[in-house]
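Okay, structure first, notes after.
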Amino acid sequence: MPKRPTSILDELGIAAGNVLDAAAGAFTPTVRLGVTGLSRAGKTIFITALVDNLIEGGRLPLFSPLAEGRLIAARLAEQPDDAVPRFAYEKHLADLTGPDPRWPDSTRRISQLRLELKFSSNAWHAGFTGPQTFNLDIVDYPGEWLLDLPLLGKTFAEWSADEFAAAETPPRDALARDWLAATAAADPLAEAGEPAAEALAKAFTAYLLACRADEHALSTLPPGRFLMPGDLEGSPALTFAPLPDPDGPVRSSTLYAMLERRFEAYKSVVIRPFFRDHFARLDRQVVLVDALAALNAGPRAMADLEAALADILRAFRPGALNLVTNVFARRIDRILFAATKADHLHHTAHDRLEAILGRLVASAAARAKFAGAETRSLALAAIRATTEGTVQQDGAALPCIVGTPRAGETLEGETYDGETEIAFYPGDLPKSPDALFEAEAAGAALKFLRFVPPEPDPETPGLPHIRLDRALEFLIGDKMR
Ligand code: GDP
């Protein structure tokens, strides 16, 4: 049977990495900012808008170094880590600001970007030292990969049992049929063969993908690399699937033994290196949450998102799971939870969106505080694609948003062409977020459309946003005093 706890060597590896970071950063203070969130939460847009607004000295009135005229320059600098792909900032910005603006490709794997910020300090001794430099290393990675952390504490048999149990509850039960049929047809004690492993992995991945689709919008779908393989697509470490307990002794040449080995390989060659080489080196973290997509899909999706966030945020908690988590949590001292795409709502509804976010991360945030990290929740739009107005409905003036729905979006039987601007009232968010998690409340009349990106505005530098400056102030303002 495979060993459970993470070895002490892992911990030493992390400690050595941290010492190296400290040495490399000895001359220029550096903050490594992790940006995460589940697929389509808005990571790519957040980073692109943040970098653009800093470089352009754009619309950031609540970011103190800019508001106080102390930000001298922000520029892209050379990549700090040779082995990590660069965040494709220029390409993403060109997509958004070109003649025919379009949303850029989303995050598929880890990537990184270094911004060098020059500023004058407002500390009493600043006059003697002159302008200061500070490196902001932004690390973009899929939140799905954090969902893998609990797997480190499970054996193949335990993980399989959990997956089969989860597949019994709606809406998963209906989506799991083909995968469960393929599993029933496989003989765990037969001689191992690649085609059998591939067929099971394929059926299992198809099930996970169906759970994630818009109409269900489920979130707790580990192993994270099955939906976000990064560079590992098709590799043996991803070619496994749960199997029921075999009735009989497991010889090493059986399918069961092979899939169990691969599950263990996934832990050692995929999960642990990610946590050790990347996650453990972060200083600050933004967790982006697309609550609106889950709201569109209903209470089950909301409850599942809550569970996924609790799993994701376990990574920030010391102690409970294993030695490795203990080491990570010590470094991250600020975590921002951000409900993204707030431009889909009128600003009068932003308080309620923040209340929903607060409820989604409540238990997890309490744990992070326990670990010594300061946390904050904020509703924001990294890019604002709408404006605001009012519509008359049954004699009442309702606050609405005005934007151009993307081609193919539908509302009340109408399908939009991506060119037509509409005024739109998405429905009221409830006063108490709890109602959104209760199955009886299903069918609440909420509908959020997706909009095309805003047309570039040559008069104003930086992409338009909502509260990106507040986010930035919390994340790095204290480092630029
Ligand atoms: P990720 O990289 O997978 O986390 O997600 P992206 O950053 O690519 O965002 C996914 C999609 O959400 C984008 O293509 C946009 O359509 C939408 N989106 C993200 N952020 C915003 C925002 O601030 N406002 C609006 N209106 N849409 C957004």
Side-chain angles (χ1 to χ4, degrees), residues 34-53 59 85 87-89 91-93 95-97 101-113 138-147 212 214 217 219 221 224 227-230 285-296 305 308-309 312 337-347 349-350 353 357 378-388 401-409 416 418 421-422 424 426 448-455 462-472:
V35 179
T36 198
L38 295 168
S39 170
R40 324 259 330 138
K43 301 176 286 297
T44 307
I45 301 301
F46 180 86
I47 297 172
T48 307
L50 184 144
V51 172
D52 176 57
N53 273 290
R59 323 177 194 205
F87 180 83
Y89 169 70
K91 182 176 176 306
H92 297 328
L93 186 68
D95 283 343
L96 283 161
T97 56
R102 60 177 213 91
W103 298 108
D105 292 340
S106 299
T107 300
R108 313 279 318 158
R109 57 177 184 177
I110 188 163
S111 70
Q112 192 188 46
L113 195 69
I138 303 174
V139 183
D140 174 25
Y141 65 94
E144 281 79 359
W145 296 3
L146 292 181
L147 287 175
R212 188 178 71 180
D214 272 354
S219 309
L221 303 165
L227 296 183
M228 277 287 154
Q285 178 69 54
V286 193
V287 180
L288 301 173
V289 181
D290 183 1
L292 302 180
L295 280 168
N296 257 351
L305 177 60
L309 286 167
I312 284 181
F337 303 113
T340 53
K341 313 183 191 179
D343 59 324
H344 288 68
L345 291 167
H346 193 266
H347 75 269
H350 289 177
L353 180 59
L357 175 69
L378 204 59
L380 61 80
I383 293 187
R384 177 177 194 162
T386 64
T387 52
E388 298 189 339
I401 50 171
V402 180
T404 307
R406 281 160 68 168
E409 286 290 288
Y416 293 100
E421 190 174 76
I422 61 162
F424 170 62
F448 301 100
L449 292 173
R450 296 182 173 127
F451 296 97
V452 301
E455 284 295 324
L463 291 158
H465 65 85
I466 300 171
R467 294 193 198 93
L468 193 60
D469 47 351
R470 257 182 225 264
L472 209 50

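Read the numbers this way: they start at 1 and go in the same order the structure lists the ligands and their atoms. Sequence positions, counted from 1, serve as the residue numbers for this chain. Because the structure is a prediction, the values reported are computed rather than measured.
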- protein heavy-atom neighbour closest to atom 14 (O) of ligand 1 works out as Trp103 CB, 3.3 Å
- Does Ala381 reach ligand 1 with a nitrogen or oxygen that is under 3.5 Å from one of the ligand's nitrogen or oxygen atoms? no
- Item | Ala41: numbered ligand 1 atoms lying under 4.0 Å from its heavy atoms | 4 (O), 5 (O)
- Item | Donor-acceptor contact present, side-chain Thr36 to main-chain Gly143, <3.5 Å | yes
- Query: Can His465 be said to touch ligand 1, with heavy atoms closer than 4.0 Å?
  - Reply: no
- Message: Please check this pair: side chain of Asp52 against backbone of Leu463, looking for a donor-acceptor N/O pair closer than 3.5 Å.
- Response: yes
- If you round to the nearest 0.5 Å, how far is CZ of Phe337 from CD of Gln285? 9.0 Å
- Query: Sub-3.5 Å donor-acceptor pair from the side chain of Thr340 to the main-chain atoms of Leu288, do we have one?
  - Reply: no
- Message: When you measure from the side chain of Glu409 to the backbone of Arg450, do you find a donor-acceptor pair of N or O atoms at a distance under 3.5 Å?
- Response: yes
- Okay, side chain of Thr107, backbone of Tyr141: is any donor-acceptor separation there less than 3.5 Å? no
- Note on the structure: Sorted by chain and residue number, the ring pair (Phe, Tyr, Trp, His ring centres under 6.0 Å) partners of Phe46 (sequence neighbours excluded) come out as none
- Message: Show the atoms of ligand 1 that are less than 4.0 angstrom away from any heavy atom in Ala385.
- Response: 26 (N)
- Query: Which of the listed options, Leu288, Ile45, Thr44, holds the heavy atom that is closest to atom 19 (C) of ligand 1?
  - Reply: Ile45
- Where's the contact between His344 and ligand 1, heavy-atom distance under 4.0 Å: side chain, backbone, both or neither? side chain
- Message: Just so I know, are the side chains of Leu380 and His465 near enough to count as touching, which here means a heavy-atom distance under 4.5 Å?
- Response: no
- Message: Residue-level breakdown please: for Thr107 versus ligand 1, do any non-hydrogen atoms fall below 4.0 Å on the side chain, on the backbone, on both, or on neither?
- Response: both
- Can you sort out the partners of Asp290 under salt bridge (charged side-chain N to carboxylate O under 4.0 Å, His left out), two or more places apart, ordered by chain and number? Lys341
- Going by the angle between their ring planes, with limits at 30° and 60°, are Phe451 and His344 parallel, tilted or perpendicular? tilted
- For atom 8 (O) of ligand 1, what is the nearest protein heavy atom, given as residue, atom name and distance? Ser106 OG, 2.6 Å
- Item | Nearest protein heavy atom with distance in Å, relative to atom 16 (O) of ligand 1 | Arg406 NH1, 3.1 Å
- Query: Considering only protein heavy atoms, which is closest to atom 9 (O) of ligand 1, and at what distance to one decimal place?
  - Reply: Gly42 CA, 3.6 Å
- What is the closest protein heavy atom to atom 22 (C) of ligand 1, and at what distance does it sit? Ile383 O, 3.3 Å
- Message: Tell me the protein heavy atom at minimum distance from atom 26 (N) of ligand 1, and give that distance in Å.
- Response: Asp343 OD2, 2.7 Å
- Note on the structure: atom 11 (C) of ligand 1: closest protein heavy atom, distance to 0.1 Å, is Arg40 NH2, 3.6 Å
- Ignoring hydrogens and geometry, is there a side-chain-to-backbone donor-acceptor pair from Glu388 to His347 under 3.5 Å? yes
- Non-hydrogen atom of Lys341 closer than 4.0 Å to ligand 1: yes
- Item | Contact partition for Ser39 relative to ligand 1, non-hydrogen atoms under 4.0 Å | backbone
- Message: With a 4.0 Å cut-off on heavy atoms, is Thr340 in contact with ligand 1?
- Response: no
- Would you call Ala382 a ligand 1 contact, heavy-atom distance under 4.0 Å? yes
- ligand 1-proximal atoms of Arg384, by part, heavy-atom distance under 4.0 Å: neither
- Side chain to side chain, Pro101 and Glu455, heavy atoms closer than 4.5 Å: yes
